[in-house]
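Worksheet for the structure shown next.
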Number of protein chains: 2
Amino acid sequence: MLEAAAALDFHPNMIARGLVTARTHVLGVIVHDVSDPYFGEIVRGLEDAAHMRDHRVFVCSSDRDPDRELAYVRALIGHRVDAIVFAGGAIEDRSYRTQLKRLLEGFRSLGGIVATLAPHAMRTPSVTIDNVAGARDMTRHLLDLGHRRIALVAGPEHLRTSHLRLRGYQEALADAGVTPDPDLVEPGGFTTEGGAKATVALLARTPDLTAIFAANDVMAFGVLHELADEGLHIPHDVSVAGFDDISMARFALPPLTTVRVPMGELGQQGAHLVVDALAGRRVRSQSLPTEIVVRASTRRIGR
Amino acid sequence: MLEAAAALDFHPNMIARGLVTARTHVLGVIVHDVSDPYFGEIVRGLEDAAHMRDHRVFVCSSDRDPDRELAYVRALIGHRVDAIVFAGGAIEDRSYRTQLKRLLEGFRSLGGIVATLAPHAMRTPSVTIDNVAGARDMTRHLLDLGHRRIALVAGPEHLRTSHLRLRGYQEALADAGVTPDPDLVEPGGFTTEGGAKATVALLARTPDLTAIFAANDVMAFGVLHELADEGLHIPHDVSVAGFDDISMARFALPPLTTVRVPMGELGQQGAHLVVDALAGRRVRSQSLPTEIVVRASTRRIGR
DNA sequence: ATGAAAGCGCTAACAT
DNA sequence: ATGTTAGCGCTTTCAT
């Protein structure tokens, strides 16, 4: 009978099944933007592992807009997804947090699972990396290279991930006894455009900088671009470092020194975590290691 | 009563609704790889428009593997998605085509809609660009700049999009009376890695080339990288052009001359097309315009 | 062992 | 206008 079904391309109706089993085999992932390489790679990993374990995934790009994010969460609950995965860092916004919390309580009472792939205050199982350590390591690397005037192109202000990477940078400077200079820190919004703009500001304000650490690779591309535009040579005049190691990073000119974040694995482990939890297995949060990858965009200071 | 529902965070069950209305408000999009910038931007556009019109989207990265693609189509049918959108060009494979055709017949008989955002032989409504014209225009641009030895880093061999872009290149050369040289054409698999490798091969085989046209931007990044590695200056020694205009293209070093494909709009129009069709409106295929965007990676030949 | 029936949460068609 | 009921395609329970 099963062969007959297969031969006739009979497709059992997951919708009907979902109604009775209360399991839809669908996961929702909320990202800032799927077309951002960082999130694209996470979604790809998540999708792969989910597909392997017979689950489908809804992509939801929120642009970090609280209302849009909430609207997506409501829609996902309406579709009775089995789990919601928050891929990006928490948006620091009081009203958003309260509303989200309420929604998620309802979702959980429906049997839903929530997980995060980035720093959140919520007590949900998560797969993350240590943002503070990553930023500290890279800053230390720059320090070891002899740099003292190290600028940071930071992430968006209201984002937890930004705070953590900023803290890592500050900690490394403090450890090395370098006086922190607020003028050396400029937010770049985690966009290439923003990275370029921040570079303009930094160059004007602190022309004595010798290195620029961008809190993500996408911004580092903007830094590289702007510096080249100014006729500055990298790494001769200025060293540049990024964070994430998106696949384009090694093809930047010059190839970008960066903190490798295993985005694909973050997504995969995230999928496994929620599917395991749905199967009733007890799951635990984990932290994946980061690693400095030194390429040609950074160099020892000085002649 | 409705207010009470809203206040209590009551989320009507779309699953149950789907069972009776035979509409799930879910779209499936099949892409080569969400983490590829080209597809990432398409998915983003599709998702935006779908979300606006109250539909959710399943992402399915097939890696252009026929079996994986077929498996995804089966899964999507099982989930009774309202529509399946094929974002990538047709895979030229006999057995795959037959099987796909059968599956889609079943899907249609269930009331499903199929659409494509790239060249396919299927007679489905589509939103596309003219790949031949785009490649012809760019080749002509290079020709106008005085180039005669123009290499092409082509796409994967079994892909319809590759054939079309190759044809545009060939047509422009023929129009200009330039003898085509098969040695100037090397496939690069539509990956950055492949673009770099193709460059190595081309440089060895045809050292007299003065321009390299990569059939997509992702490969152009590899070309740029490899050329820089060889100590060649762009555009002084070699002009480089791409295709797609992914958001990183203007931040390449030097900024990449390319054929602008409106990926986001492709996705948006794709979503509107299928949602309109689902609403019973009669829809028609459309072709979106491409445009040459000249940046710093190409220059007039010459001494 | 196999088969019949109830019910998941909705919508639509019906009756009041 | 309102309320009631049948049924969507499955799984699960219960009777045979």
Side-chain angles (χ1 to χ4, degrees), chain A residues 1-28 50-51 53-58 71-84 102-114 274-275 277-281, chain B residues 1-28 50-51 53-58 71-84 102-113 274-281:
Chain A
M1 199 59 193
L2 276 172
E3 312 121 51
L8 291 167
D9 280 331
F10 172 77
H11 306 276
N13 188 335
M14 299 291 292
I15 292 302
R17 168 189 302 198
L19 190 57
V20 22
T21 59
R23 282 288 174 243
T24 51
H25 283 232
V26 175
L27 275 28
H51 179 57
R53 301 187 63 176
D54 197 28
H55 284 251
R56 245 39 62 195
V57 4
F58 282 145
Y72 258 129
V73 171
R74 280 190 205 96
L76 292 176
I77 298 177
H79 279 277
R80 295 296 188 275
V81 296
D82 292 341
I84 300 180
R102 254 206 28 242
L103 283 175
L104 293 183
E105 266 163 25
F107 179 58
R108 281 207 195 80
S109 73
L110 249 31
I113 300 281
V114 179
V274 298
V275 177
L278 287 164
R281 248 168 286 186
Chain B
M1 200 58 194
L2 276 172
E3 311 122 50
L8 292 166
D9 280 331
F10 172 77
H11 307 275
N13 188 333
M14 299 290 293
I15 292 303
R17 167 189 302 197
L19 191 56
V20 23
T21 59
R23 283 286 175 245
T24 51
H25 283 231
V26 175
L27 275 29
H51 179 57
R53 301 187 64 175
D54 197 29
H55 285 251
R56 246 37 64 194
V57 5
F58 282 146
Y72 259 129
V73 171
R74 279 189 206 97
L76 292 176
I77 298 177
H79 279 276
R80 295 296 188 273
V81 296
D82 292 342
I84 299 180
R102 254 207 27 242
L103 283 175
L104 293 183
E105 267 163 25
F107 179 58
R108 283 208 193 79
S109 72
L110 247 32
I113 299 281
V274 297
V275 177
D276 282 348
L278 287 164
R281 247 168 289 184

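Computed over heavy atoms, backbone and side chain alike; hydrogens, waters and symmetry mates excluded.
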Where do N or O atoms of nucleotides 4-9 of chain C meet protein N or O atoms at under 3.5 Å, pair by pair?
{"from": "C:dG9", "atom 1": "N2", "to": "B:Ala16", "atom 2": "O", "distance (Å)": "3.3"}

Legend entry - Rounded distance in Å - NE2 (A:His79) to P (C:dC10): 13 Å
Legend entry - CG on A:Leu76 to CZ on B:Arg56, rounded to 0.5 Å: 7.5 Å
Legend entry - Side chain A:His25, main chain A:Asp54, donor-acceptor under 3.5 Å: yes
Inset, instruction - Quick one: sort the A:His51 and B:Tyr72 rings into parallel, tilted or perpendicular, breaks at 30° and 60°. - result: parallel
Inset, instruction - Please work out which of the three classes, parallel, tilted or perpendicular, describes the rings of B:Phe58 and B:His79, given edges at 30° and 60°. - result: perpendicular
Legend entry - Step-by-step salt bridge (Lys or Arg N to Asp or Glu O under 4.0 Å) determination, B:Asp82 to B:Arg80: CA-CA 6 Å; B:Asp82 292 342; B:Arg80 295 296 188 273; over 6 Å; no
